[in-house]
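Treat the numbers as computed from the prediction; the structure is a model and nothing was measured. What's counted below: heavy atoms across the whole structure, side chains too, no hydrogens, waters or symmetry copies. Proteins come first, then strands; the chains are lettered A, B, ... in the order of their sequence lines, and each starts at number 1.
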Number of protein chains: 2
Amino acid sequence: MPRSPSPSPPAGQPSTASDAGDAVKAIYVFANEKGGMTDINRGKINEIIAQLSQSSAYTAKLLKSDRRVDETVALLQQKLQRSDEGARRSAAAVVARQVAALEASRRADRCCAVIDFDMFYAAVEIRDRPELADKPVAVGGIGMISTANYVARRWGVRSAMPGFIGQALCRQLVFVRPDFAKYTAVAEVARAIFREYDPKMTAGSLDEAYLDLTDHLHKRARDGGGGGAGDDSGDCDGGGEGERRGTALTGEALGELAGEVVGEIRARVKEATRGLTTSAGIGPNFLLAKIAADVRKPDGQFCTGWSREAVLSFLAPLPVRKVPGVGRVMEKARARKDGAASAVCELLSRAAEARLLFTPGSADSLLRKSLGWEEGGREEAAGEALQKGISCERTFRPTGDEAELGETLRRLCASLAEEMAARQLRGRTVTLKMKTSDFDLLTRDSSAARPVGAAEELQARAVMPLTVAD
Amino acid sequence: MPRSPSPSPPAGQPSTASDAGDAVKAIYVFANEKGGMTDINRGKINEIIAQLSQSSAYTAKLLKSDRRVDETVALLQQKLQRSDEGARRSAAAVVARQVAALEASRRADRCCAVIDFDMFYAAVEIRDRPELADKPVAVGGIGMISTANYVARRWGVRSAMPGFIGQALCRQLVFVRPDFAKYTAVAEVARAIFREYDPKMTAGSLDEAYLDLTDHLHKRARDGGGGGAGDDSGDCDGGGEGERRGTALTGEALGELAGEVVGEIRARVKEATRGLTTSAGIGPNFLLAKIAADVRKPDGQFCTGWSREAVLSFLAPLPVRKVPGVGRVMEKARARKDGAASAVCELLSRAAEARLLFTPGSADSLLRKSLGWEEGGREEAAGEALQKGISCERTFRPTGDEAELGETLRRLCASLAEEMAARQLRGRTVTLKMKTSDFDLLTRDSSAARPVGAAEELQARAVMPLTVAD
DNA sequence: GCACAGACT
DNA sequence: TACTAGTCTGTGC
DNA sequence: TACCAGAAC
DNA sequence: TACTGTTCTGGTA
Ligand SMILES: Nc1ncnc2c1ncn2[C@H]1C[C@H](O)[C@@H](COP(=O)(O)OP(=O)(O)OP(=O)(O)O)O1
Ligand SMILES: Nc1ncnc2c1ncn2[C@H]1C[C@H](O)[C@@H](COP(=O)(O)OP(=O)(O)OP(=O)(O)O)O1
Ligand SMILES: [Mg+2]
Ligand SMILES: [Mg+2]
């Protein structure tokens, strides 16, 4: 039960005529429904953001990239127009059979949960500085905010928002420097608990865990009610799944039990982390659980249910952007004619069209997701999920001084090498990434015969592709 | 009705103990059932081939490549072993639904034909030198045979067989140099006729044509029986397909009429080319028509039928190698445990396995083909089918003389440039292809910003990637 | 493999 | 004044 | 893009 | 003695 902030954000009034161009407003997506309080004073927030961003190089870049997306989408639409009847019919047929097949194989016997800390970095910092509890807090700096507490969010402060804009939105905003060691330690505490419920648990990030509770729920149902996962923990790691299940635990029964278990997990995590709250989603697969985790945020949980009806009525009205993997661009590519964002049901109803616009893989993936099916008609990667890349980058004030740039590169390579050594990692491909003062990104890379790891090797490799050929 | 050859090939007797190793015999595929008379004296033929090839560099290369294939296949099998239950079940499900969907959408309203000249080059040469008619004839040289007439085939002489082996198999074999201009002219004559029946006809090669007869058959059914496509020809090129159909012409009725029409086409072609015979396949799509075209060769035609039963009973017993796109390697990859080649029905029954071994696209393609479905769940490429590459290569006696090699390259580039100019073609990527004396193939290429076409440009580009980096 | 864009936290 | 850092995926060439 | 292998005629 | 020439496709890095 959050206390109300000392000074309140301005009350929401429809903002009238404004100076900042609508195009500029349209590209900034901070003020959307994600997280925090919704719709208190959307107009004011947009106004301030647009005002401050208006003539920046960053805005120019966003507009440019937006135009490119527009062009691409227009091209796709043209392609659609040109596509012949046969192709369209065939696409529709493919979709129809995929839908039928997916529906036919809906299973109600698996239970997945996604657990995500609330305002993670901020929560940790506030826990350690209780006087901040009712103040608007941002973790990050004047350059960039990593996250903000729910108080600050009422002013429109958001993750991935530059600090100075956050400050403009909320004069009293308190900035706190991030302390990753602390977050890592907290994450480890939580994961130890998660593993008691699913030893194969995986982590999506420091603050996010994916648990397959199926086995645990069957154990609990078998061994009788009551709490605690304690002595079960050793049993799960061995052979295949569900060897000892036996109980017919499906659908809503699964959901009910899962709700209790997840509540228990969250309570234990809160206890073990001295008060940090989490939110959770529960569902028949990780995709749905992940989407569900957002529904009762903060400090709540939501279960999608298992039936076709439950799942579809949950998904259908959601904005497509809620679907993991659908970002700014895909949202635009699948927007309605008037530019308004689509809901998931429209993704479904226009799936045949998507089949003509995207690669088979992308179209499949989109369709499966809009039906609430997680990825992995394929291998599902039973393996250990080895790390594939490691990087170190720094943004600095523009300079053309080659000596200075070289020195920066050297330092980056040194840091990277250190980290790689610590984690016993080496790599075959070294990528040099450059950002220009107008935010254009360039990469150049070079692959070595044998993996490299030493700072000097990294640096040498990084520079190689700059000496061009042809 | 072919006359019998003056001297006959040796009668077939099971060849007993032999000098040449079985491994060597196994890799030479000349003596299989494709084309010509089958099984007269398979053992003898294999014996001679193996004897002559035994210790050549070419054989070494084949064996090596064969071992590589074996390894790959073994790896795939291991992968199969390791794949978990879930993956296997999911693959089976995918296959089941694909099969169901494909079966559901079988259509009986299209009629395709593939028409292919018999022993094409040889037939043209023999037509122009009638005294060769009952002699064994090979078109090509002592190095390589492009094709042989049916007389020569009784001795085991085949396309892609080196001339000296052909000669060993058949002492009287007459070699004729190819004359591509003649073959092109003949092809044009035939195509003019084909286009009367399907203006959108496409050519698979000089001697092979793909005709969609659907529209023509409907016209003919509408306008009453009788022969001749003449005045119809102008009607087809306009808008979409079947605008004026109206007649309910499907399945076996379609097949019967198609048989007549294809007979008429083949007669007209024979007439127009002064006696050249063709064989044809008729079926509900080009894949089946193509396979069917081989059944009644030479000078015959075959129709697969349209019903599921007809199609499957036609396909099921065929060796997989009959399926276009399935070659030596895929045949081996899908062979039975004992190494014997599979039939198409086994492709089907082990389709789930294939799904785990190959990429989704390859697995799909294999499955569709084994059900008698042509490719193109996708776009089907309505476009004009622009040429994508052009090349000029020559095999010569091994040399390390760089000046000589350079001069050869110069000449090749000159020829190529000439051809490109004549056809108004240019290209963005120039590939240098090299073959070593032990038949290893290497390519090196380089892409230019703008397309090139001049001999000097080609040559310069070709040499570029030889000056290596790193 | 290389370059780039997109996505997520 | 000021618009991150780290990891992964997909696509096209 | 670059390289390789397979396939077809 | 001698084992092609042309085009396309797909996979992998
Ligand atoms: N754009 C970003 N850049 C850098 N760090 C980020 C960014 N977004 C999120 N993070 C970090 C800070 C967050 O506390 C942590 C977890 O992210 P996330 O779960 O999305 O938000 P959150 O935990 O801060 O709030 P919520 O209550 O919405 O979950 O990851
Ligand atoms: N491997 C090859 N190398 C070069 N040219 C070839 C090769 N195979 C075939 N050709 C040429 C010569 C053929 O006459 C022509 C048509 O091939 P194809 O239809 O397969 O055989 P064919 O027409 O000679 O005999 P048939 O069709 O009666 O079996 O293409
Ligand atoms: Mg969170
Ligand atoms: Mg032929």
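One finds no side-chain N or O of A:Arg328 lying less than 4.0 angstrom from the OP1 or OP2 phosphate oxygen of C:dA5. A close approach under 4.0 Å does occur between a side-chain nitrogen or oxygen of B:Ser447 and OP1 or OP2 of E:dA2. Within the structure, every side-chain polar atom (N or O) of A:Lys369 is placed at least 4.0 Å from both OP1 and OP2 of C:dA7. Contact between the side-chain N/O atoms of B:Lys435 and the OP1/OP2 oxygens of F:dC3 is not found at any separation under 4.0 Å. Remark: A:Ser56 is not in phosphate contact with D:dC3, judged by side-chain N or O atoms under 4.0 Å from OP1 or OP2.
Between the B:Thr59 side chain and the B:Ser55 main chain, no donor and acceptor come within less than 3.5 Å of each other. Looking only at distances, no side-chain donor or acceptor of A:Ser53 sits under 3.5 Å from a matching main-chain atom of A:Ala50. Checking side-chain atoms of A:Thr278 against main-chain N and O of A:Ile115 turns up no donor-acceptor pair under 3.5 Å.
In this structure A:Ser415 satisfies the side-chain hydrogen bond (donor to acceptor under 3.5 Å, both in side chains) test with no other residue, sequence neighbours excluded. The side-chain hydrogen bond (donor to acceptor under 3.5 Å, both in side chains) test applied to A:Thr72 returns no partner, not counting sequence neighbours. Under the side-chain hydrogen bond (donor to acceptor under 3.5 Å, both in side chains) criterion, B:Lys61 pairs with no residue at all, not counting sequence neighbours.
Remark: the A:Thr395 side chain and the D:dC3 base include no donor-acceptor N/O pair separated by less than 3.5 Å.
When heavy atoms are screened at a 4.0 angstrom cut-off, B:Val323 is found touching the sugar-phosphate backbone but no base atom. Within 4.0 Å of A:Leu442, counting heavy atoms only, lie sugar-phosphate atoms of the nucleic acid but no base atom. Residue B:Phe439 is in sugar-phosphate contact alone, with no base atom involved, counting any heavy-atom pair closer than 4.0 Å across all strands shown. At a threshold of 4.0 angstrom between heavy atoms, the contacts of B:Ser159 with the nucleic acid are absent. Backbone-only contact: A:Val69 has heavy atoms under 4.0 Å from sugar-phosphate atoms and none from a base. Using a 4.0 Å heavy-atom distance criterion, A:Ala57 is classed as making no nucleic acid contact. Here B:Met161 lies out of heavy-atom contact (under 4.0 Å) with every strand. Among the protein residues, B:Thr431 comes within range of no part of the nucleic acid, since none of its heavy atoms lies under 4.0 Å from any strand. Nucleic acid contact class of B:Lys332 (heavy atoms, under 4.0 Å, all strands): none.
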Q.
Using the rule given for salt bridge (charged side-chain N to carboxylate O under 4.0 Å, His left out), can you reason through A:Asp116 versus A:Lys290, listing the C-alpha separation, both sets of side-chain angles and the distance that settles it, and then say yes or no?
A. CA-CA 9 Å; A:Asp116 184 299; A:Lys290 165 91 168 133; 5.1 Å; no

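The nearest whole Å value for the distance from the CZ atom in B:Phe396 to the P atom in F:dA2 is 15 Å. With rounding to whole Å, B:Glu71 atom CD is found 18 Å from E:dC4 atom P. Here the C1' atom of nucleotide E:dA2 and the CE atom of B:Met464 are 15 Å apart, to the nearest Å. Look at CD on A:Glu418: it is 13 Å from P on D:dG6, rounded to the nearest Å. Regarding B:Asp440, its CG atom lies at a distance of 8 Å from the P atom of E:dA5, rounded to whole Å. Rounded to a whole Å, the CZ atom of A:Phe358 is 16 Å from the C1' atom of D:dG12. Between the OH atom of B:Tyr58 and the C1' atom of F:dC3 there is a distance of 6 Å, given to the nearest Å. Regarding B:Met144, its CE atom lies at a distance of 13 Å from the P atom of F:dA2, rounded to whole Å.
Ring geometry, A:Phe180 versus A:Tyr121: the interplanar angle exceeds 60°, so the pair is classed perpendicular (tilted spans 30 to 60°).
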Q. Which string of ( ) [ ] | and . matches DNA chain F, if you list each base 5' to 3' and count Watson-Crick or G-U pairs only when both distances are under 3.5 Å?
A. ....|||||||||

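Classification of B:Arg423 and B:Glu419 as a salt-bridged pair holds, one side-chain N sitting under 4.0 Å from a carboxylate O.
No more than 12 heavy atoms of other residues, nucleotides or ligands shown are found within 6.0 angstrom of CD on A:Glu418.
Residues A:Glu208 and A:Arg68 each lie close to DNA chain C; by heavy-atom proximity, the contact nearer the 5' end of the strand is made by A:Arg68. Nearest-nucleotide assignment on DNA chain E puts the 5′-proximal partner with B:Asp445, out of B:Ser205 and B:Asp445. Comparing B:Asp207 and B:Ser65, the nucleotide of DNA chain E nearest to each residue sits closer to the 5' end for B:Ser65.
Inter-residue side-chain proximity for A:Asp445 and A:Val430 is flagged as unmet; no heavy-atom pair is nearer than 4.5 Å.
With distances taken from any side-chain atom of A:Arg444 to the nucleotides E:dA2, C:dC8, C:dC4, the minimum falls on C:dC4. In this structure, of D:dC3, E:dG6, E:dA8, it is E:dA8 that holds the atom nearest to the side chain of B:Arg321.
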(Q) Across nucleotides 6-12 of chain F, 5' to 3', mark each nucleotide with B, S or - according to how protein heavy atoms within less than 4.0 Å reach it. (A) BBSSSS-

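Between C:dA7 and F:dC8, the distance separating the two P atoms is 36 Å to the nearest Å.
Pairs of residues two or more places apart, or lying in two chains, that qualify as salt bridge (charged side-chain N to carboxylate O under 4.0 Å, His left out) and include a residue from residues 431-441 of chain A are A:Lys64-A:Asp440, A:Glu393-A:Lys433.
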